[in-house]
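These notes are about the structure you will find just below.
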Amino acid sequence: MARILSLADAVGEVVHDGDTVALEGFTHLIPFAAGHEIIRQGRRDLTLVRMTPDLIYDQLIGAGCARKLVFSWGGNPGVGSLHRFRDAVQNGWPVPLEIEEHSHAGMANRYVAGASGLPFAVLRGYTGTDLPAHNPNIKQITCPFTGETLTAVPALNPDTTIVHAQQADPAGNVQVWGITGVHKEAVLAAKRSLVTVEEIVDELRPRPGAMVLPGWAVTVVAEAPRGAHPSYAQGYYDRDNDYYQAWDAIGRDRDAFRDWLTETVFNNTATAGGGTR
Amino acid sequence: MARILSLADAVGEVVHDGDTVALEGFTHLIPFAAGHEIIRQGRRDLTLVRMTPDLIYDQLIGAGCARKLVFSWGGNPGVGSLHRFRDAVQNGWPVPLEIEEHSHAGMANRYVAGASGLPFAVLRGYTGTDLPAHNPNIKQITCPFTGETLTAVPALNPDTTIVHAQQADPAGNVQVWGITGVHKEAVLAAKRSLVTVEEIVDELRPRPGAMVLPGWAVTVVAEAPRGAHPSYAQGYYDRDNDYYQAWDAIGRDRDAFRDWLTETVFNNTATAGGGTR
Amino acid sequence: MSQTASARPAAGYTTDEMMSVAAARALRDGTSCFVGIGLPSTAANLARRTHAPNLVLIYESGCLGAKPDRLPLSIGDGVLADTADAVIGVPEVFNYWLQPGRIDVGFLSAAQLDRFGNINTTVIGDDYADPTVRLPGAGGAPEIAASCREVFVVVRQSRRSFVERVDFVTSVGHGRGPGDRERLGLPGAGPVLVITDLGVLRPDPHTRELVLTDVHPGVEVDAVRAATGWDLTVADDLGRTPEPTERELTALRALTAASA
Amino acid sequence: MSQTASARPAAGYTTDEMMSVAAARALRDGTSCFVGIGLPSTAANLARRTHAPNLVLIYESGCLGAKPDRLPLSIGDGVLADTADAVIGVPEVFNYWLQPGRIDVGFLSAAQLDRFGNINTTVIGDDYADPTVRLPGAGGAPEIAASCREVFVVVRQSRRSFVERVDFVTSVGHGRGPGDRERLGLPGAGPVLVITDLGVLRPDPHTRELVLTDVHPGVEVDAVRAATGWDLTVADDLGRTPEPTERELTALRALTAASA
């Protein structure tokens with residue numbers, strides 16, 4: 001049964017300096033509130049894992065929390081580049097950032113292997129691309145039945161996975177609906193997990209398209225209303241597209257970013273996603 | 001888009017002598033009506049694949065349709081043995097039956113590999129058991145990252161998979177709810193697929209826990225009300241436990257079985273599951 | 001029924017009832033249990049209705065956290081899906097839930113069980129290709145026995161079922177003795193408890209051989225030896241299973257009556 | 001609007017509009033299309049609103065058969081889940097739907113595209129570790145390019161984007177020429193169509209080099225050559241793209257307006 005804690009206590013318990021941490025959410029249900037709490041708690045040397053590092057990781061990287069990024073697509077969707085990410089990769093600011101780069105299929109399968117207790121996953125992927133030349137975590141494997149050559153990637157087993165969901169019940173059972181991405185795999189692959197939720201309800205009402213994560217498979221749950229803002233939570237609020245647009249100018253400039261950090265993250269201990277609007 | 005045919009036309013189109021055919025349904029939604037239609041059409045030399053060959057395969061085997069069975073658990077659940085299956089294995093009646101035996105984990109992963117377009121699947125399975133000594137389709141594989149030894153099983157790609165579901169819409173989109181077993185994997189792994197359904201509805205109404213198979217991933221759909229009887233179709237009818245009990249005496253005796261075949265299968269061209277009650 | 005009355009030993013009960021009650025007692029509240037059908041399912045459901053209301057029942061049909069109000073007649077009974085916290089596909093059960101060792105107890109039955117807790121549900125007889133009796137086969141058992149943190153076996157004891165060496169290893173217990181599970185890389189502890197209609201056996205920590213540690217009320221050790229196909233070792237501190245309480249028997253009978 | 005009026009060439013339109021219309025026309029009704037975000041998504045949604053109402057749109061976020069009533073702003077826009085035939089997890093999209101070659105068309109964009117249709121969305125510059133420009137990376141593209149039956153690319157044409165050889169092969173087109181896809185074991189046919197704001201390119205069946213086969217209205221071949229970073233071959237039977245019809249433009253503008 002998952003324990004229910006405050007966001008600050010939950011992040012304090014599951015994220016430590018030097019950890020490998022996955023914050024997942026495929027466009028939908030990105031755990032921004034938890035990300036901002038990691039910044040507030042001043043975590044350092046994290047290996048950040050995420051298929052689509054977008055604003056949330058731009059913020060964590062800019063705040064100096066990360067030493068390495070494992071990912072498959074990094075950008076501000078529909079807007080452009082992640083300037084804090086670029087600044088860290090190209091100029092080592094505020095600290096150097098190592099990268100390990102995959103495809104979505106590779107990352108998704110790494111989580112699947114992690115969730116499955118297997119050391120690796122097999123896929124048809126990366127073949128003929130320049131990715132394997134720059135990533136020792138992409139190897140070949142031979143089918144013992146057909147002799148065919150396929151690709152292998154190692155399991156991802158983060159120290160901690162954090163995702164956001166719509167609801168949990170008092171026993172920590174979590175219900176997610178809409179696009180569920182790699183929520184389940186990322187949580188099950190991790191040694192510890194934190195699920196932030198829009199609300200804790202007395203009882204989960206089954207819904208079409210919903211996925212339930214049993215409370216006994218989750219470490220801690222924290223209520224964080226609007227905790228996915230500026231991304232969205234289906235059934236609760238829409239994506240704040242203006243925030244993504246506005247981020248381009250903030251992220252582009254180190255001073256503007258520092259001001260944003262002070263105003264929006266450090267001077268804001270609320271559990272919300274930290275809106276700039 | 002799946003084509004919608006009568007049960008007889010559908011079975012005629014997708015099942016041919018010598019084919020490898022999987023009729024799946026994990027206790028729930030077992031496609032009995034389609035199985036009886038295969039018997040009526042007199043198919044021979046089938047390789048029958050199924051995790052849990054129960055009454056439906058006892059009937060097909062007794063009727064002489066099969067030359068080989070690939071499976072992981074064969075019995076009359078809660079009642080006892082499958083006597084037609086035993087008679088075929090031990091006495092070659094009415095024709096000899098070759099067997100290939102797996103565990104559930106192995107079979108499930110063989111379907112997953114088949115659905116995924118991979119030649120094999122990796123699992124932690126069979127280790128230390130006597131199964132690999134009798135089955136060349138269980139091999140070892142080494143993790144290219146950790147050097148650990150794991151088990152590999154080849155993909156299952158049946159010529160045809162047949163499953164039963166609650167509903168389809170006129171475009172052949174299929175909705176299944178309750179226990180969905182390996183429905184999706186078995187259909188996606190197959191070259192051709194037939195889904196029999198309780199009813200064709202104008203529009204599928206989304207339901208909690210439901211899984212939708214898009215019509216463009218299914219070959220043919222046939223309406224077969226009570227087509228899973230004596231198993232059950234959640235939301236439509238319960239399991240006919242008396243039928244399972246009664247089967248023990250029928251299956252135990254060749255003559256009783258032949259009488260049952262004549263009365264219940266050959267003299268009954270209805271699309272229903274062929275009840276003995 | 002008052003607490004006192006319900007904890008009182010019951011007057012009359014069958015050996016199967018004693019077995020189910022003893023098996024149920026072994027399950028701790030708040031743990032997760034991968035439930036095989038038949039005797040294990042009866043015991044697990046009884047536990048949930050007595051001392052372990054928060055026992056998480058997992059069935060290979062894809063039902064996580066099933067809370068059936070009657071005994072399911074099969075591992076895919078509709079009542080399991082209706083009452084589960086989550087219903088998932090069969091591949092996910094084995095890959096995401098069983099294989100990584102997330103589940104505390106695997107609760108199995110057996111057609112044959114040997115001195116080292118290895119299980120046979122495949123064939124009786126020396127020749128796999130021409131068996132004396134063809135059994136149902138492996139089902140989920142090999143991986144349940146490999147991956148759950150612990151395995152409990154519930155099985156009726158006789159010389160036919162309790163053999164020196166199983167004819168076919170469907171599911172590995174302790175192999176041929178100490179270190180075998182480790183050599184095979186099996187993550188779980190294997191069978192730590194075997195509950196029969198006569199008593200309870202546990203593996204000796206050093207030899208890994210199953211040793212009689214408890215007998216049920218009214219059962220003599222000689223009767224257990226007579227029902228065991230190997231030279232049975234009896235624990236020095238042999239215990240005696242407390243009789244079923246009225247509460248336990250009432251719950252068990254309500255459960256089985258509702259399924260008839 | 002009458003059929004005649006709607007089929008009439010429109011009076012004024014942008015080169016981007018021409019590109020989207022030409023890209024949309026390439027999609028056949030009743031086929032399935034794995035849709036990248038941006039230009040491909042615009043084209044695919046336009047096709048569904050004009051000649052291909054039964055086009056099955058598949059987004060990597062897990063939306064199968066999405067029928068959005070406005071342009072999705074990302075591949076995970078809520079409107080995709082709301083209108084999909086089925087919403088599935090991301091691993092399933094790649095493993096069960098893309099990888100086995102079930103999907104007819106993979107519709108991609110590119111930051112750099114080379115003579116053989118190879119795509120770069122990773123880094124500009126010779127040194128991966130110290131790039132001139134760090135691009136977003138691979139996303140789903142490498143496997144979309146490998147596994148879909150055919151690949152269409154829609155990209156604005158310039159000497160920066162159309163290069164002799166991409167700085168980094170993120171997604172394989174036709175490698176370095178004939179037989180390369182086969183040698184790599186890539187199941188799909190690769191890029192069979194490249195639609196730009198200037199015209200349409202297709203791989204030569206023998207050399208696999210991209211050849212200009214159509215120019216859009218008002219575009220001169222010299223302008224296309226000037227926007228191509230290799231010595232562009234022009235097809236003998238060079239075609240000219242029909243202008244957007246009023247129906248197409250109206251649908252396109254309604255789609256983009258609804259997303260603003």
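So that the names make sense, note that chain A is the first sequence line, chain B the second, and so on, each numbered from 1.
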Does any heavy atom of chain C fall under 4.5 Å from the side chain of B/Leu82, the backbone, both, or neither of them? neither
Under 4.5 Å, counting heavy-atom pairs only, tell me which of C/Gly89, C/Gly62, C/Gly78, C/Pro142 racks up the most with chain B. C/Gly78
Can you see which heavy atom on B/Val112 is nearest to which on C/Pro91, and at what distance? CG2-CB, 3.5 Å
Ranking C/Pro136, C/Ala81, C/Cys63, C/Gly137 by heavy-atom pairs under 4.5 Å to chain B gives rank one to C/Pro136
Report all side-chain donor-acceptor pairs from residues 190-197 of chain C shorter than 3.5 Å, counting only partners two or more places apart or in another chain.
residue	atom	partner	partner atom	Å
C/Thr196	OG1	C/Gln157	OE1	2.8
C/Thr196	OG1	C/Leu198	N	2.8
C/Thr196	OG1	C/Gly199	N	3.0
C/Thr196	OG1	C/Gly199	O	3.3
C/Asp197	OD1	C/Gln157	N	2.9

With B/Pro208 via side chain to side chain contact (heavy atoms under 4.5 Å, CB included) - residues at least two apart: A/Pro206, A/Pro208
Cut-off 4.5 Å, heavy atoms of chain C, and the answer for B/Met107 is neither
Side chain, backbone, both or neither: which part of C/Val166 has an atom under 4.5 Å from a heavy atom of chain B? neither
Cross-chain donor-acceptor list, chain C x chain B, under 3.5 angstrom:
residue	atom	partner	partner atom	Å
C/Glu60	OE2	B/His104	NE2	3.2
C/Gly76	O	B/Tyr232	OH	2.5
C/Gly78	N	B/Tyr232	OH	3.1
C/Asp82	OD1	B/Gln234	NE2	2.4
C/Val90	N	B/Gly181	O	3.0
C/Asn95	OD1	B/Asn109	ND2	3.0
C/Asn95	ND2	B/Asn109	OD1	2.8
C/Gln99	OE1	B/Arg124	N	2.9
C/Tyr128	OH	B/Glu101	OE1	2.5
C/Arg134	O	B/Arg86	NE	3.1
C/Arg134	O	B/Arg86	NH2	2.9
C/Arg134	NH1	B/Glu101	OE1	2.9
C/Arg134	NH2	B/Glu101	OE1	3.3
C/Arg134	NH2	B/Glu101	OE2	2.5
C/Pro136	O	B/Gly74	N	2.7
C/Ala138	N	B/Ser72	O	3.2
C/Gly139	N	B/Ser72	O	2.7
C/Gly139	O	B/His104	N	2.8
C/Glu143	OE1	B/Ser103	OG	3.1
C/Glu143	OE2	B/Ser103	OG	3.0
C/Glu143	OE2	B/Tyr126	N	3.1
C/Val169	N	B/Asp130	OD2	2.8
C/Val169	O	B/Asp130	N	2.8

Tell me whether the count of non-hydrogen atoms from other residues, nucleotides or ligands lying under 6.0 Å of CZ in C/Arg253 goes above 12. yes
Heavy-atom cut-off 4.5 Å, strictly under: side chain, backbone, both or neither for C/Pro131 against chain B? both
For chain C, find which of B/Gly78, B/Ala105, B/Gly75, B/Pro77 contributes the most heavy-atom pairs closer than 4.5 angstrom. B/Ala105
Any C/Ile75 side-chain heavy atom under 4.5 Å of B/Phe26 side chain: yes
Which atoms of C/Leu186 approach chain B - backbone, side chain, both or neither, heavy atom under 4.5 Å: side chain
Specify the closest pair of heavy atoms between C/Ala138 and B/Leu131, including all atoms of both residues, with the distance to one decimal. CB-CD1, 4.0 Å
Output all residues satisfying ring-ring contact (aromatic ring centres under 6.0 Å, His included) with B/Phe85, sequence neighbours left out; order by chain, then residue number. B/Phe71
